[in-house]
Amino acid sequence: MYSEYDHLNLPKIDQAILEFWEKEEIFDKSVEGRDPDNAFVFYEGPPSANGKPGIHHVMARAIKDIICRYHSMKGKRVERKGGWDTHGLPVELQVEKELGITKDDIGNKISVAAYNAHCRETVMKYKSVWDDLTVKMGYWVDLDDPYITFKNEYIETVWYLLKKFYTKNLLYKGYTIQPYSPGAGTGLSTHELNMPGAYRDVTDTTVVAQFQVVRDDTSDFLWDDMEDRTDLYLLAWTTTPWTLPSNTALAVGPAINYVRIRTMNPYTGIPIRVILAESLISKWFDPAGEHGDFGGYKAGDKTVPWVREAEWKGSELDGVRYEQLLPYLQPDDGDAFRVLVDAFVTTEDGTGVVHLAPSFGADDRRVAQKYGIGSLTMVDKKGKFVEEAGEFAGRYVKDYQDEGDQFTAVDIDIAVKLKKENKAFNIQKYVHSYPHCWRTDKPILYYPLDSWFIRSTAMKERLVELNKTINWKPASTGEGRFGNWLENLQDWNLSRSRFWGIPLPIWRTADGSEEKCIGSIEELDKEIAVANESLGLEQSVPEDLHRPYIDEIVLVSESGEPMKRETDLIDVWFDSGSMPYAQWHYPFENEEKFKENYPADFISEGVDQTRGWFFTLHAIAGMLFDSVAFKNVISTGLVLDKNGQKMSKRHGNAIDPFKTLSEKGADATRWYMISNAQPWDNLKFDLAGIDEVSRKFFGTLYNTYSFFALYANIDKFKYEEPDMTWEERPEIDRWILSSLHTLTKEVDELFGAYEPMQAARKIMYFVDDQLSNWYVRLCRRRFWKGEYGADKIAAYQTLYECLTTTAKLIAPIAPFFGEWLYKNLNDVSQLEPYESVHLSLMPTVKEDQIDQALEERMGYAKRISSLGLSLRKKEQIRVRQPLQKIILPVLDPRFEAQVRAVEDLILAEINVKQIQYVTDTSGIIKKSIRPNFKTLGRRMGKNMKAAAALINQLGQEEIAEIEKSGGYQLQIDGEDYALTLEDFIIGSEDIEGWMVAKDDEITVALDIQLSSDLMAEGIARELVNRIQNLRKEAEYEVTDRIEVEMSRNATVLPAVEKFSAYIKEEVLADELIITENLEGQEVELIDGEKIKILLHKN
RNA sequence: AGUCCCGUAGCUCAGCUGGUUAGAGCGCUACACUGAUAAUGUAGAGGUCCGCAGUUCAAGUCUGCGCGGGACUACCA
């Protein structure tokens, strides 16, 4: 017996299926049962379990699950090793919050050992919550043996990889400009800079400084047309005057136009000439002063006179020297105080000349290095000027001492000094947004810090090339966002001055002249032994490779000097990018396993991981193994609330995934997410959408199954008979099977092409429109009428195949309902040897059953039926009232043949006795004609418009002529065009004397004349309907036989006389009796006509 | 600031290599149907396809410039 249910309850199905999976270990079987040599490799991007999962995790993991389940059902072995990301700043921050400490307290109030121990605990805080979600949403991943990034084995592999970089000379120590908080005494990560509230508007004193040009061979041309010998200055703007003493160069844009302007210094009144970008003149000069009175100008006057004198391209200024602005100290390397040319300079603001302080700006440093110019670092790590800074020595550049009102801004003093010395052209307050340290609330500095880098720039070309072999979904992320990122690749800054993370395995002598990089525990052990002997120590490899234990190890150099570990940790992104190797502890263990599972066929994460995990996987694989790490990748979008806002606890619009899953069911949630938007588009998550999916899609599929189960149980259909041959099946069965296999083919291709949304939508269309609303609706009678014979068996077999195939097609997206449906069917029929749909194989496409002509003519049937019903509606004639005929203009012989093949279906659907096919020879059809732009456009080109006008006005005779001769000569603009039938779209327009309905090229007319026979039959059908309703009210079984008594009624009599056999058969009545004065149920028939009916069960 | 995604009916989204009446579902209104019934059918209302310019015989579709939402990277005078 097929199981029958009272109603659809998705959460209940989830539970039952989960129990089944667990008891029978279906996941294990789905992996173990497949051949290891036929693997589909998936990498799990490790989540961090120190926070709770959100609804977006359901989305991300649904995608992963769908692709993996699909390939498993294609016969692949899909191992899915889970993993946990355990290091990094978020963990540290959480611990600090829990303990109520700051970074400064680490090592003082709390030991590093205790701190790290706490991190280790915290990081798995919500592991059980995550595991719970994984199970409940039906995400199949191996949770028993996950990789964990803080384990020694994992760290050892990471060390192995780092050593590989080191020996390839791709790992180096360098000096870069990084965000730095003098208050906290630490560098900040970009993550910290991007924390909410980090950027704040501040008011700074800005200065346009005058850098005096040195007149020499290089710069002489700047004076060429000058009569007097006024001093010449380059104008450069800065929002950070405190960096001016550290200035070592100026930069101009190569393509920017610069002008020389004669004017006066507004503070000193001294005549000067200045150079700045042409497009920024108006920013600094009042138009009223142009060609003003130089002679009458006094310092402080409002309008400063100026005149434009000469102009040059930025590239011409290359190498021009200038006097150091504030000469306290000079760099001891490089040829400083020159004009440099670089494209980063813009004319957005400032003067188009950029002041470069290479110690305090990343761009500054980059350009200075390009030209080999050194730097000055006139501010120390506390944020105050160094001793050499003259009158400013010891002063803090910002209020880092928390002096509040007592703090006097050194920026202002610098500005005043410049003003006095005729070196300031303009001083003003300026409001802009500037990053602040989230911990001290003070503005950060950009400061040069020591860091370890991976020389990714050295391998850039190869990484770009390898990327081109990766299949990105969507492609634009791969080419655009990721591709551009690779094109502009910078060296990868690995260093983090933190505590909880993988320690950099590099030991150095005090002077940095000798160093060692350790690539394994065994190597460390050997080095320790050497050091112990040489230095007389008794060290051993620590049990925990984290700080502080690893810091205590002292090694010895070749020359016998002691070496200490570089205290840096490495970027956690390196951890996750190492997972293809480290999850197997390669190369120390599992070499075979690793090779079988490298690279990945598929990965998927949020698009925000493009420069995160996607990059680190790619970089490590490309640089060390000359391979991609993954062949296919889906980068998923965000999950927003239904109004398109980001979900957050703060806004109270976050959706609880557990509540959603338990109330709506996992499958409805998954199906909704997948079918609603492309995975890479942002999803506007609306709970009402899940209800819709659940009602419309799962409800319909459930109803279809219930319908099948109800009658299959009555008829004891268990699919024991041999398959009906193609010839034995009626047209409609062939059609639904053809559609089914077309669907199977498309869905298979779409899953294979990583397009789950398209697959889901195709399935929905099939289930709702084709299977339920057409096949089942039209075939209902076949299931409950008549004997258990060939036609009935064909119907059962067909519907069974549709349902079981659908179960397989939906299984990747809706694993629970797919399983439920499959088992309900297959457990009874035992047609397939699988205990689970997830152990079965995707259905094979029966190409020979796909019949496009058949699908086309069924399309005609649907459209013609729809037009017929539409006409009935207009004429207000009930569908139960049979009509004599519809009239259908025949477009061409093929059309007629196609419609004739499905005629019975149309007649039954719209309750009409016959179709009258009329050809144009009868003269009652008016035809319409349109040009076929697709075939004509290319040939006609410019004449297309004229041609369309001509064709549109062709009359009936001409259309008839075209149809007869199959062609037409068109003349436009003296040109002849020979058109064929293909170049026209001819349809039927009207049938004279009839009310018609049209749908594109098809037109239908309905004969609404009623004969007495038709009326009687109409009444008979009304009677059947009323009796059926009464049967239902009386709660008779669908198989009960009955006896019917009716009151005498003039309208009803002819119907009973002529159609009593029909009525009896329809309502399963043995007797149909007319009784005078019957005491029965009164029901209304039509037009207010009433009749009494009484039923007895026989 | 740069790169990428998105912008089509009240809502969620289709719309293939450009081809002439721009679609679906939900929601709304009315009517019908009923041995699947929290389903279904028919009809109706609802669109400057974000804007502007260009290419073309022809643009929702291609190009450019904007606008709005989002993500990432950066924040620099």
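Just so it is clear: chains get the letters A, B, ... in the order the sequence lines come, proteins before strands, and each one is counted from 1.
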Base-pairing assignment for B/C49 (Watson-Crick or G-U wobble, both under 3.5 Å): none
Residue pair A/Thr243 / A/Thr240, side-chain donor-acceptor N/O under 3.5 Å: yes
Integer-rounded Å distance: B/A71 P and A/Phe482 CZ: 21 Å
Sugar-phosphate only, base, or nothing, as touched by A/Val353 at under 4.0 Å among non-hydrogen atoms: nothing
Pairwise C1' distance, B/G68 and B/C50 [rounded to whole Å]: 8 Å
Atom-pair distance (CG on A/Asp364; P on B/A74), nearest Å: 17 Å
Closest-nucleotide 5' rank along RNA chain B - winner of A/Thr477 and A/Leu1068: A/Thr477
Neighbour count above 12 (heavy atom, 6.0 Å) for A/Glu4 CD: yes
Among B/C33, B/C75, B/A14, the one nearest A/Arg878 by side-chain distance: B/C33
Working for side chain to side chain contact (heavy atoms under 4.5 Å, CB included), residues A/Tyr322 and A/Asn247: CA-CA 11 Å; A/Tyr322 63 89; A/Asn247 170 281; 2.5 Å; yes
Pairwise P distance, B/A71 and B/A53 [rounded to whole Å]: 32 Å
Check: A/Phe783 ring centre within less than 6.0 Å of A/Tyr711 ring centre: no
Spacing of A/Arg1021 atom CZ relative to B/C33 atom P, expressed in whole Å: 12 Å
Centroid-centroid under 6.0 Å between A/Phe697 and A/Trp671 rings: yes
Nucleotide B/C13, atom P - distance to CE of A/Met764 in whole Å: 13 Å
Touch class at under 4.0 angstrom, heavy-atom based, for A/Phe615 against every strand present: nothing
Nearest-angstrom distance from the residue atom CG of A/Asp681 to C1' of B/U8: 14 Å
P atoms of B/C5 and B/A22, separation to the nearest Å: 28 Å
Where protein sits on nucleotides 56-63 of chain B, one letter per nucleotide: B base, S sugar-phosphate only, - none, heavy atoms under 4.0 Å: -B------
Pairwise P distance, B/C13 and B/A1 [rounded to whole Å]: 28 Å
Sugar-phosphate, base or nothing in reach of A/Arg930, heavy atoms under 4.0 Å: sugar-phosphate
Gap in Å between the two P atoms, one belonging to B/A45 and one to B/U3, rounded: 45 Å
A/Phe482 ring center within less than 6.0 Å of A/His618 ring center: yes
Nucleotide opposite B/U12 in a Watson-Crick or G-U pair, distances under 3.5 Å: B/A24
Touch class at under 4.0 angstrom, heavy-atom based, for A/Asn1025 against every strand present: sugar-phosphate
N/O (side chain, A/Tyr765) to phosphate O (OP1/OP2, B/A24) under 4.0 Å: no
A/Ala368: partners by side-chain contact (heavy atoms from CB on, under 4.5 Å), with sequence neighbours left out: A/Pro358, A/Ile373
Protein-nucleotide distance (A/Tyr180, atom OH; B/C75, atom P), rounded to Å: 18 Å
B/U40 versus B/C33 - spacing of their C1' atoms, nearest Å: 8 Å
A/Asp983-A/Thr935 side chain donor-acceptor pair, cut-off 3.5 Å: yes
Nearest-angstrom distance from the residue atom CH2 of A/Trp472 to P of B/C5: 13 Å
d(CD1, A/Ile690; C1', B/U12) in whole Å: 13 Å
Sugar-phosphate, base or nothing in reach of A/Gln1028, heavy atoms under 4.0 Å: base
Flag if over 12 foreign heavy atoms under 6.0 Å of NZ, A/Lys762: no
Backbone of A/Leu821 reached by a side-chain donor or acceptor of A/Tyr705 within 3.5 Å: no
Ring center gap for A/Phe614 and A/Trp573 short of 6.0 angstrom: no
A/Arg761 vs A/Leu710, nearer the 5' end of RNA chain B by closest nucleotide: A/Arg761
Out of B/U21, B/A36, B/C13, whichever nucleotide has its closest atom nearest the side chain of A/Asn676: B/C13
Mate of B/C72 where both pairing distances stay under 3.5 Å, Watson-Crick or G-U: B/G2
Sugar-phosphate, base or nothing in reach of A/Ala946, heavy atoms under 4.0 Å: nothing
Strand partner of B/A32, provided both Watson-Crick or wobble distances fall under 3.5 Å: B/U40
Could you list the protein-to-nucleotides 38-42 of chain B atom pairs, N/O on both sides, closer than 3.5 Å?
residue, atom, partner, partner atom, Å
B/U40, OP1, A/Lys696, NZ, 3.4
B/U42, OP1, A/Ser866, OG, 3.0

Integer angstrom distance from the P of B/A39 to that of B/C49: 34 Å
B/G23 and B/C65, which share atom name C1', separated by this distance in whole Å: 30 Å
Donor on one side chain, acceptor on other, A/Arg1021 and A/Asn911, under 3.5 Å: yes
